Amino acid sequence: MSAFASVADILNLLLRHGQSPLVYPAAFESYQMRRPLCLQIDAQAALNYVLAQPHLAQVPIVLYGHSLGGGVAIDLASRNPSLVSAVVVSNTFTSVPDIVRTWPIIGNFSFICSQKWRSIDKLRFIPIDTPILMISGRQDEVIPAQLMDRLWQAAQIRGMPKSSFHWPSMPCGPQTLDIEPPPEVVPKNDVFYSLEMGTHNSTPTHTKYWRAIRKFVEKVDKRRQNPEPVYEDIAERALIRRWRYQEGNFEILEDS
């Protein structure tokens, strides 16, 4: 019951702040049955639908994802940087192979993992003025908390040129990147929140979890400089957006 209550709580919270929530049923299906391309196309279609509705396109678009949903949210934000107002993720990962590498014995075979979801590489496509909230349950038994730490580090240097750094594969154990980004490229509105007793599934049931999200969403509302933007042209582009799946990558061909 707690999982369903959490979904209801976040829908209620977003609605109260004028957001446009969309519920995707992947959380209740087997992840192995959901190919990355299917999730990407479904997420893009949901965003396109919101932008095509005059009463929905007028409000900030905040993407929220827990666990695999965090990977979907980061992917969608990276492909639509000018349309997303903020991103909220919890107990998510740098990449799926990085999770596998933390497993005993089988971690040596992470290279055969067919689903990559390299969120750590996609963060650099999210503008530094797009706020990101990361919530980490430090007792996560599914996705090690160190992966959230590493994802946060990547978010804080996403304004730097990719050629200035490289993220190697995640080994077993914590890892930091010794890079001091210049002040002008450091995100000013990102937030990292830790729940010391949060496990993978219990993190969204904590009261502090919702307080952190509420506080973050309220700030997103206050940062809106133009409360009545014109989205007609954006909606038309979204409706006829073309994409393709080539060599394991999802690519947008054009907006026309």
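Predicted model, so just to flag it, every value in this text is computed and none were measured.
A donor-acceptor pair under 3.5 Å is formed between the side chain of N91 and the backbone N or O of G137. Between the side chain of R150 and the main chain of L147, no donor-acceptor pair closer than 3.5 Å is present. Here the side chain of D140 pairs a donor or acceptor atom with the backbone of I143 at under 3.5 angstrom. Using a distance-only test at 3.5 Å, with no hydrogens or angles considered, no donor-acceptor pair links the side chain of T130 to the main chain of I126. Panel note: side chain Q156, backbone V186; no donor-acceptor pair is recorded below 3.5 Å. Within the 3.5 Å criterion, the main-chain N or O of L76 finds a donor-acceptor partner in the side chain of N80.
A donor-acceptor pair shorter than 3.5 Å can be found between the side chains of S90 and Y209. Of the N and O atoms on the side chains of N48 and Q44, at least one donor lies less than 3.5 Å from an acceptor on the other residue. A donor and an acceptor atom, one from each side chain of H200 and S67, are located under 3.5 Å apart.
Taking each heavy atom of M148 and V89 in turn, the nearest pair found is CE-O, 4.5 Å. V220 and P60 make their closest contact through CG1-CB, 4.3 Å (heavy atoms, listed as atom of the first residue, atom of the second, distance). Annotation for I135 and A212: closest pair CD1-CB, 4.4 Å, computed over non-hydrogen atoms. Contact between G71 and T92 at its shortest, heavy atoms only, is N-OG1, 3.5 Å.
Clustering ILVMFWY residues whenever any of their side-chain heavy atoms sit less than 4.5 angstrom apart, transitively, puts I99 in the very cluster that holds V142. Linking ILVMFWY residues whenever their side-chain heavy atoms come closer than 4.5 Å, directly or via other members, places L68 and W103 in the same cluster. Both V62 and V191 belong to a common hydrophobic cluster when Ile, Leu, Val, Met, Phe, Trp and Tyr are linked at side-chain heavy-atom distances under 4.5 angstrom. I128 and I61 are members of different hydrophobic clusters when ILVMFWY side chains are connected at heavy-atom separations under 4.5 Å. F125 is not connected to L123 by any chain of hydrophobic side-chain contacts under 4.5 Å among Ile, Leu, Val, Met, Phe, Trp and Tyr, and they are in different clusters.
From S202, atom OG reaches atom CD of E141 across 7.5 Å, with rounding to the nearest 0.5 Å. Here T199 contributes atom OG1 and Q139 contributes atom CD; the two are 8.5 Å apart, rounded to the nearest 0.5 Å. Annotation: the span from S119 atom OG to D98 atom CG amounts to 10.0 Å, rounded to 0.5 Å. For the atom pair CZ of R118 and CZ of F93, the computed distance is 11.5 Å after rounding to the nearest 0.5 Å.
The closest side-chain heavy-atom distance from P131 to K219 is not below 4.5 Å. With contacts defined as side-chain heavy-atom distances shorter than 4.5 Å, the pair S136/R138 qualifies. Contact of the V72 side chain with the W117 side chain is registered, since non-hydrogen atoms from C-beta on lie closer than 4.5 Å. With contacts defined as side-chain heavy-atom distances shorter than 4.5 Å, the pair R158/I132 qualifies. Here the side chains of L151 and I74 are in contact, with some heavy-atom distance below 4.5 Å.
For D129 and K188, the salt-bridge test fails: no basic side-chain N is under 4.0 Å from an acidic carboxylate O.
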I213 and V88: CA distance, side-chain angles, deciding distance, side chain to side chain contact (heavy atoms under 4.5 Å, CB included) verdict: CA-CA 8 Å; I213 294 179; V88 179; 4.3 Å; yes

